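Not measured: the values here are computed from a predicted model.
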Amino acid sequence: MLFSQFYTTFANIQSIIMLHLIIIIFLLCICASFIQRTTGFGFGVFIMTVLPYLMPSYGEATTLSGLLAMSNSMVICYKMRHYLDLRRLLPILTTFIIVSTFAIFCLKRMDDALLHTILGVALILVSIYFIFFSSRIKIPANKKGQITAGTISGLLGGFFGAQGPPAVLYFVSTVKDKNQYMALMQSYLLCGNIMMTMVRAYNGFLTPTVGWDYLYGIGGVAIGTTLGAYVFKHIPNRWFRYVVYCYIGISGIIMLIV
């Protein structure tokens, strides 16, 4: 009798914990999807501030983040497919795939605390610099600029699941229209997350826990994407890049304090 009561109490506690976990993941996905649909990036930066504390391992957290972000990007890519320019996309994407694959294989052996701090400081400084001097900055829309952005993005994506900022700086500085920027950025993130998910699965990070948590979060992705699309539509082109630069700075602050 005593054992039965203990078992029932334990089962109830487990159910409460699981319900809280589902609610947290659902709400995180709403916020992360809203940010990405509004600014073109930031899903991984935002959700990875909490997700590693909810998942059994850091690798599983990055895998779940990538799967959810991939679903977000898939919808946006379909809706904005007419704005896509493959000539601007393929060189930076190819570089990213090669570098991020290497980074993921190194992930099991990395102590990322120092790198995380350096990344946070760098993002803050970059955002301040671009906000005040963006009119004077000309990032070259050539192979050298694409390969540089793709390399840095590959390292950040493989290690931290946050490949967005370097590609954002390249795309937002080389295209004038926010719709073309969004189409390029989401196609870049979609292809990158598909590749990284396959590599993470090969390394054992795609687990049943990741699958269940994905199901918990996908509804939040749908809600956040819908809300973000409405806000994106009403941001003037002339202000859009400053919104993006500000969020890069916020991303850096998030990385420093978490």
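Evaluation of the side-chain hydrogen bond (donor to acceptor under 3.5 Å, both in side chains) rule for S57 yields E60 as partners, not counting sequence neighbours. Under the ring pair (Phe, Tyr, Trp, His ring centres under 6.0 Å) criterion, F46 pairs with no residue, sequence neighbours left out.
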Please tabulate, one pair per line, all N/O donor-acceptor pairs under 3.5 Å involving side-chain atoms of residues 74-85, not counting sequence neighbours.
residue : atom : partner : partner atom : Å
R81     : NH1  : Y78     : O            : 2.4
D85     : OD1  : R87     : N            : 3.2
D85     : OD1  : R87     : NE           : 3.4

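Across all non-hydrogen atoms, the minimal contact from R88 to T174 is NH1-O, 3.1 Å. For S73 against L190, the heavy-atom pair with the smallest separation is CB-CB, 3.9 Å. Scanning both residues, M185 and G40, for their nearest heavy atoms gives CG-O, 3.1 Å. Here the shortest heavy-atom pairing between P166 and I152 reads CG-CG2, 3.5 Å.
Taking the side chain as every heavy atom from C-beta outward, F43 and V221 approach each other to under 4.5 Å. Taking the side chain as every heavy atom from C-beta outward, Y181 and V168 approach each other to under 4.5 Å. Residues L67 and I218 form no side-chain contact, since every pair of their non-hydrogen atoms from C-beta on lies 4.5 Å or further apart. Side-chain contact between T38 and F34: present, with at least one pair of heavy atoms (C-beta onward) separated by less than 4.5 Å. You'll find the side chain of I47 reaches within 4.5 Å of the side chain of C29, heavy atoms only. The side-chain heavy atoms of Q146 and T95, taken from C-beta on, include no pair separated by under 4.5 Å. Side-chain contact between L21 and D213: present, with at least one pair of heavy atoms (C-beta onward) separated by less than 4.5 Å.
Grouping the Ile, Leu, Val, Met, Phe, Trp and Tyr side chains by contacts below 4.5 angstrom, directly or via other members, places M195 apart from I98.
With rounding to the nearest 0.5 angstrom, the CG atom of L189 is 7.5 Å from the OG atom of S153. Expressed to the nearest 0.5 Å, how far NZ of K178 lies from OG1 of T39 amounts to 12.5 Å. The line from OG of S187 to CE of M182 is 11.0 Å long, rounded to the nearest 0.5 Å. Note that the CG atom of N203 and the OG1 atom of T101 stand 10.0 Å from one another [nearest 0.5 Å]. How far OG of S33 is from CG of L68: 7.5 Å, rounded to the nearest 0.5 Å. In this structure, CZ on R200 lies 8.0 Å from OG on S100, to the nearest 0.5 angstrom.
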Exercise for review: Before giving the answer on side chain to side chain contact (heavy atoms under 4.5 Å, CB included), spell out for M196 and T62 the whole-Å C-alpha distance, their side-chain angles and the decisive distance to 0.1 Å.
Suggested key: CA-CA 10 Å; M196 288 194 295; T62 58; over 6 Å; no
Practice item. Apply ring-ring contact (aromatic ring centres under 6.0 Å, His included) to the pair F96 and Y188, showing each step before the final yes or no. Key: CA-CA 9 Å; F96 166 77; Y188 176 79; 5.3 Å; yes
Point to revise | Test log, rule side chain to side chain contact (heavy atoms under 4.5 Å, CB included), inputs T209 and L64 | key: CA-CA 9 Å; T209 299; L64 177 59; over 6 Å; no
Practice item. Go through the steps to decide whether L206 and M198 satisfy the test side chain to side chain contact (heavy atoms under 4.5 Å, CB included), and finish with yes or no. Key: CA-CA 9 Å; L206 184 57; M198 292 189 292; over 6 Å; no
Exercise for review: With side chain to side chain contact (heavy atoms under 4.5 Å, CB included) as the test, would you mind laying out the steps for I147 and I92 before giving the verdict?
Suggested key: CA-CA 5 Å; I147 290 173; I92 184 173; over 6 Å; no
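Cation-pi check for R37 over F232 is met; the charged atom lies under 6.0 angstrom from the ring centroid and within 45 degrees of its normal.
Y170 and T148 form no side-chain donor-acceptor contact under 3.5 Å, judged by distance and modelled atom types alone.
Of the possible donor and acceptor atoms, none in the side chain of T225 sits under 3.5 Å from a partner among the backbone N and O of A222.
Of the options L93, V175, N179, a side chain to side chain contact (heavy atoms under 4.5 Å, CB included) to L184 is made by V175 and by none of the others.
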